[in-house]
Amino acid sequence: MLEKTFQPAEIEPRIANEWNKAEAFQAGSAKAPGRGAAGRGAAGRGAAGRGAAGRGAAAASGNGEPFCVVIPPPNVTGSLHLGHALNNTLQDVYVRFERMRGKDVLWQPGTDHAGIATQMVVERQLAAAKLPGRREMGRDAFVEKVWAWKAESGGTIVNQLKRLGCSCDWSRERFTMDPGLSAAVVKVFVELHGRGLIYKDKRLVNWDPKFQTAISDLEVVAEEKRGSIVWADGDAEKPFDVEALRKALARDPSGHMYHFRYPLSADPSRFVVVATTRPETMLGDSAVAVHPTDERYTGLVGQTVQLPLVGRDIPIVADEYSDPEKGTGAVKITPAHDFNDFEVGKRHGLAQINILDAQGKLNGEVPEAYRGLDRFEARVRVVADLHALGLLAKIEPTTHTVPHGDRSGVVIEPWLTDQWYCNAGELAKEAIRAVEDGRTEFVPKNWEKTYFEWMHNIQPWCISRQLWWGHQIPAWYGPDGQVFVAAAEADATAAATAHYGKPTPLTRDPDVLDTWFSAALWPFSTLGWPDETPELARYYPTALLVTGRDIIFFWVARMMMMGLAFRGEVPFKKVAIHGLVLDEKGQKMSKSKGNVEDPLGLMDEYGADALRFTMAALSTQGRDIRFSKQRVEGYRNFATKLWNAARFAEMNECVRAKDFDPAGVQDPLNRWIAGETERAAREVTDALEAHRTNHAAIAVYEFIWGTFCDWYLELVKSHLMGDDEAVKNETRATVAWTLDQCLKLLHPFMPFITEELWAHMVEYGVARDDLLCRSTWPVFEGLADAKIDAEVGFVVALVSEVRSVRQEMNISAGTKVPLVFVAAEASVRDRATRHEETISRLARLEGITFAKTAPKEAAVLVVGETTAAIPLKGLIDFDAEKKRLEKEIASAEADIAKMDAKLDNPNFMARAKPEAIEESQARKAELLGQVKRLSAAAKRLG
RNA sequence: GGGCGCUUAGCUCAGUGGUAGAGCACUACCUUGACAUGGUAGGGGUCAUAGGUUCGAACCCUAUAGCGCCCACCA
């Protein structure tokens with residue numbers, strides 16, 4: 001017996017365990033479905049239709065078409081957040097759906113080593129435990145610590161994904177730093193280097209002074225800043241105060257424009273005024289640039305200025321980069337600390353003076369007084385010292401964007417270093433073509449534009465990181481700096497020996513690769529590459545990638561490039577893009593804002609099923625979703641509803657019948673629900689095929705709650721409680737069958753409760769030989785019948801109408817009323833008689849009678865062509881009934897007016913589709929009939 | 001500066017050419033033999049604005065306003 005109360009938190013872990021024991025999700029092990037009652041019920045006569053036969057046959061042979069999804073690997077030491085919940089729910093919906101459709105499904109799981117993020121966590125732990133930092137303990141010891149942390153916490157996220165119900169093939173779990181995947185990384189690096197697509201270069205990079213590593217453009221986030229300091233030279237009201245400046249800048253280090261006077265070398269009493277938002281960089285200036293056509297400065301080009309504080313003479317150069325409209329038209333050039341200035345410097349052969357060290361402190365290139373200062377302290381000092389020299393013209397607030405590290409949060413410095421780059425522009429060419437020609441398709445399609453936009457403007461990808469946790473770059477250096485790139489040290493050594501003509505000691509490049517480098521190989525490295533494994537042959541290209549819009553550049557684009565470069569085929573045929581999970585107010589969730597909802601807490605409170613359903617139902621076509629706990633609660637209620645429906649079935653001994661054929665049932669109500677089931681199954685299937693999980697989820701919801709529970713189960717209560725054993729037995733079997741279809745259709749969204757209810761029914765019917773998750777997806781044909789729909793539709797409409805009248809007339813719920821059909825045609829009499837018991841029960845009638853004319857003193861209701869009346873006799877008051885009738889008449893007349901507007905329009909008659917015209921005419925006729933009858937009823941009331 | 005998206009019921013959102021929808025919230029009634037985590041009924045919208053296309057526009061086009069996101073730039 002099912003428990004009276006539905007307790008997801010108890011059921012779900014147990015079910016997860018059963019799946020695990022049964023190894024239910026292992027790829028390539030598709031069992032032959034269709035044995036036993038359940039499979040045959042679904043297959044029945046229905047499975048033949050809609051092209052499902054082929055798939056069905058494949059499934060039956062256990063040899064379905066491959067369907068592979070690779071998981072976006074979460075950080076190995078991470079913990080589940082709502083973004084994961086959304087992403088993995090959607091994947092699991094598709095995966096379970098396709099598995100039930102008989103495909104050979106591989107959902108490939110695994111985790112990412114997440115270079116910076118993980119190293120950061122471990123460093124923080126060391127600091128918290130007051131242990132020596134990584135530099136003190138050395139590389140090997142530190143990396144060992146990280147592995148230890150991975151061993152300790154690495155299972156967390158995987159267990160959380162299992163808790164969510166993810167049906168990955170967990171036997172195939174991979175990690176980006178597994179030996180095989182690491183070998184793939186090395187091979188790709190070496191080959192791309194060999195092809196000249198990976199190279200080393202000295203240029204400006206985005207340097208993160210906190211982590212002391214280079215980062216890629218994508219890892220830099222621009223933050224808008226506006227300062228508040230207003231000061232001008234000679235401003236008597238606001239004397240310059242160094243202490244005040246220091247305090248203000250401590251709060252607000254960015255957002256100010258500073259104007260400096262640079263004295264001309266030839267005549268120090270004359271100045272060129274330059275403006276900057278980063279005063280400290282002036283210590284590394286090597287020129288001042290003006291526009292060649294700027295008449296204000298034509299005489300000065302070729303002269304030099306004395307760089308204040310430093311004393312260097314630097315040239316005034318003419319360069320188109322300078323914009324006469326901006327600032328003073330003269331711009332200071334700091335080639336080693338600004339991306340634009342770097343280019344100007346190259347054009348004019350200017351010195352690249354690097355004034356910062358790795359931590360963002362000033363180095364030996366600056367005058368002694370500034371050495372060792374932090375960049376922001378140096379900013380204060382430079383401004384103050386220039387003021388002391390009378391060379392500070394003004395400070396004003398300005399709005400500008402300041403680059404920050406997305407992980408560290410600190411201000412990024414353009415810094416001159418040697419780094420490894422990948423020529424993404426070259427690799428992008430084929431990746432662009434593959435989307436243009438549809439080899440890979442984005443869903444929704446508009447994200448392709450975003451992809452193209454970025455790919456067409458792609459910059460060299462800086463792939464080296466000055467970290468210790470990650471794939472160390474397979475490059476070795478000789479004593480003279482000669483580089484040897486090789487798959488193994490022995491190969492590098494051999495190459496060096498050949499190069500130098502004698503054995504030569506080498507040092508390995510200490511840097512590691514960007515985490516996204518190994519992630520880019522994920523769709524084939526997880527399948528065994530560089531080995532040509534059977535999995536690789538079978539599952540690559542993968543069928544579908546499901547991922548958030550925020551990592552299209554980071555990951556999707558790079559997988560496209562690498563997949564094409566190394567497999568010659570796209571990594572996935574479709575990319576389903578979803579949005580981000582925001583809080584109820586539409587803000588990003590973040591720990592600092594305190595608006596983070598913990599999915600684990602939600603699962604404990606409402607069940608993983610409810611959380612999953614919420615995610616699937618809210619996810620609409622790549623748009624961000626606002627998360628609401630209320631929604632989860634609502635879908636928990638839905639699960640409870642289903643639970644109780646199953647209890648009802650159980651109480652009424654609705655057991656599955658062997659060889660039940662939904663096409664063979666006789667009773668109209670049973671035939672009707674079979675047709676409704678076919679319709680629902682088709683709707684859900686179509687929606688899932690179109691990657692509209694929200695539609696699919698809502699269609700299941702409406703079918704189960706609105707159609708199955710609210711109508712069908714209520715309608716057949718008379719059968720189940722009646723004496724006609726044949727009808728009763730057929731109904732029991734139909735209830736059981738329909739419930740099975742509900743469980744199947746809901747399974748991808750709510751796998752736990754459906755699996756539980758499925759298994760539970762075993763003791764009442766034919767024993768199951770398989771889990772629901774491996775059963776067949778419902779596909780039916782020919783169960784719907786227009787005549788049956790009309791008949792049951794009439795019952796439904798009649799009951800609704802009587803209920804409505806009762807409520808509006810304030811007839812108490814307990815009062816049973818008579819219902820009189822007026823001048824009913826034979827077909828109506830027939831229907832009303834056949835369903836009298838059911839109608840009476842649901843509409844709370846004392847009985848149904850027939851009359852030629854409407855009784856006096858009666859409320860009248862109109863259902864389609866039928867008129868019926870509830871005699872008043874002290875039940876209702878005339879005024880209320882009159883008002884009600886008038887309201888209905890008015891409503892009908894408004895609709896008639898709309899129809900007339902169309903039908904009287906010659907253009908409509910001439911140009912509209914014939915069906916549209918017919919429909920409008922029919923509708924008008926029906927409305928006219930209603931008005932007539934309602935008016936007659938109103939008249940009788942006086 | 002470039003690109004993308006959004007604006008529909010109190011709230012969150014579906015709806016892409018033919019009678020405006022859902023969930024939640026709200027109101028009234030209901031311990032009806034699965035379910036009060038429930039049932040029944042009901043109120044509530046000139047579909048941002050202005051033009052245009054069309055027999056017909058929430059839907060297609062143009063413009064405007066507001067909001068959001070992404071990319072680039074920032075002396």
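These figures come from a predicted structure and were not determined experimentally. Lettering of chains follows the sequences in order, A, B, ..., and the numbering in each one begins at 1.
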Counting any heavy atom closer than 4.0 Å, what does A/Y635 reach on the DNA or RNA strands: base, sugar-phosphate only, or nothing?
nothing
Provide the distance between the two P atoms, one in B/rG52 and one in B/rA72, to the nearest whole Å.
42 Å
Complementary nucleotide of B/rU64, counting Watson-Crick and G-U pairs under 3.5 Å
B/rA48
Is the A/F613 ring parallel, tilted or perpendicular to the A/Y701 ring (thresholds 30°, 60°)?
tilted
Return whichever of A/R626 or A/D338 has its heavy-atom-nearest nucleotide of RNA chain B closer to the 5' end.
A/R626
Check every strand shown and say whether A/R549 touches a base, only sugar-phosphate, or nothing at a heavy-atom separation below 4.0 Å.
sugar-phosphate
Checking salt bridge (Lys or Arg N to Asp or Glu O under 4.0 Å) for the pair A/R278/A/E413: CA distance, chi angles, key distance, verdict?
CA-CA 11 Å; A/R278 296 192 294 153; A/E413 294 291 339; 3.2 Å; yes
Would A/K641 and A/F708 count as a cation-pi pair here, with the cationic atom under 6.0 angstrom from the ring centre and within 45° of the axis?
no
Would you mind pulling out the nucleotide paired to B/rC24, Watson-Crick or G-U wobble, both distances under 3.5 Å?
B/rG10
Please give the distance between the C1' atoms of B/rU32 and B/rC47 as a whole number of Å.
40 Å
So, OP1 or OP2 of B/rC30: does either fall under 4.0 Å of a side-chain N or O from A/R806?
no
Shortest non-hydrogen contact from A/Q921 toward A/L903:
CG-CD2, 3.8 Å
Have a look at A/V288 and tell me which of A/V273, A/D319, A/V305 forms a side-chain contact (heavy atoms from CB on, under 4.5 Å) with it.
A/V305
Parallel, tilted or perpendicular for A/W643 and A/F6, by the 30°/60° rule?
tilted
Starting at NZ of A/K629 and ending at C1' of B/rU12, how long is that distance when rounded to a whole Å?
17 Å
From NZ of A/K898 over to P of B/rA20, roughly how many Å is that when rounded to an integer?
4 Å
Give a yes-or-no answer on whether the side chains of A/E280 and A/H337 include a donor-acceptor pair shorter than 3.5 Å.
no
Which nucleotides of nucleotides 34-46 of chain B have their base under 4.0 Å from a protein heavy atom (B), which only their sugar-phosphate (S), and which neither (-), written as one string 5' to 3'?
BB-BSSBSSS---
Between B/rG3, B/rU19, B/rC13, which nucleotide gets closest to the side-chain atoms of A/M899?
B/rU19
Counting the atoms with a prime plus P, OP1 and OP2 as sugar-phosphate, which does A/T277 contact under 4.0 Å by heavy atoms, base, sugar-phosphate, or nothing?
sugar-phosphate
State, to 0.1 Å, how close A/V331 and A/V274 come at their nearest heavy-atom pair, and which atoms those are.
C-CG1, 4.3 Å
Say you pick atom C1' in B/rA9 and the same atom in B/rG15; how far apart are they, in whole Å?
14 Å
Whole-angstrom distance between B/rU64 and B/rA57, as gauged at atom P:
24 Å
Taking the same atom, P, in B/rU27 and in B/rG43, what whole-Å distance lies between them?
16 Å
So, does A/T620 get its side chain near the phosphate of B/rA14, meaning an N or O under 4.0 Å from OP1 or OP2?
yes
Which base, if any, makes a Watson-Crick or G-U wobble pair with B/rG38, both distances under 3.5 Å?
B/rC30
B/rC4, OP1 or OP2 - any side-chain N/O from A/K449 closer than 4.0 Å?
yes
How many whole angstroms separate atom CD1 of A/I698 from atom P of B/rG23?
10 Å
Distance check, C1' atoms only: B/rU31 and B/rG68, in whole angstrom units.
49 Å
Whole Å only: how far is the CD atom of A/E683 from the P atom of B/rG21?
16 Å
What is the pairing partner of B/rG1, taking Watson-Crick or G-U wobble pairs with both distances under 3.5 Å in any strand?
B/rC71
With C1' as the reference atom in both, quote the distance from B/rA25 to B/rA48 in angstrom, rounded to an integer.
24 Å
Whole Å only: how far is the CD atom of A/Q630 from the C1' atom of B/rG10?
13 Å
Take the protein atom CD1 of A/I625 and the nucleotide atom C1' of B/rG5, then report the distance between them rounded to whole Å.
16 Å
Touch class at under 4.0 angstrom, heavy-atom based, for A/R884 against every strand present:
nothing
Parallel, tilted or perpendicular: rings of A/F260 and A/Y258 (30°, 60°):
tilted
Please determine, by modelled atom types, if A/S840 and A/K816 share a side-chain donor-acceptor pair under 3.5 angstrom.
no
Could you tell me whether A/V274 contacts a base, only the sugar-phosphate backbone, or nothing, with contacts defined as non-hydrogen atoms closer than 4.0 Å?
nothing
Nearest nucleotide by nearest heavy atom, which residue falls closer to the 5' end of RNA chain B, A/N905 or A/H695?
A/H695
Rounded to whole Å, CG of A/N810 lies from C1' of B/rC30 at a distance of 13 Å
Please report the distance separating the C1' of B/rU16 from the corresponding atom of B/rU53, rounded so that it comes out in whole Å.
16 Å
Would you mind classifying the nucleic acid contact of A/Y321 as base, sugar-phosphate or nothing, using non-hydrogen atoms under 4.0 angstrom?
base
Please give, in whole Å, the distance from B/rC30 P to A/R844 CZ?
12 Å
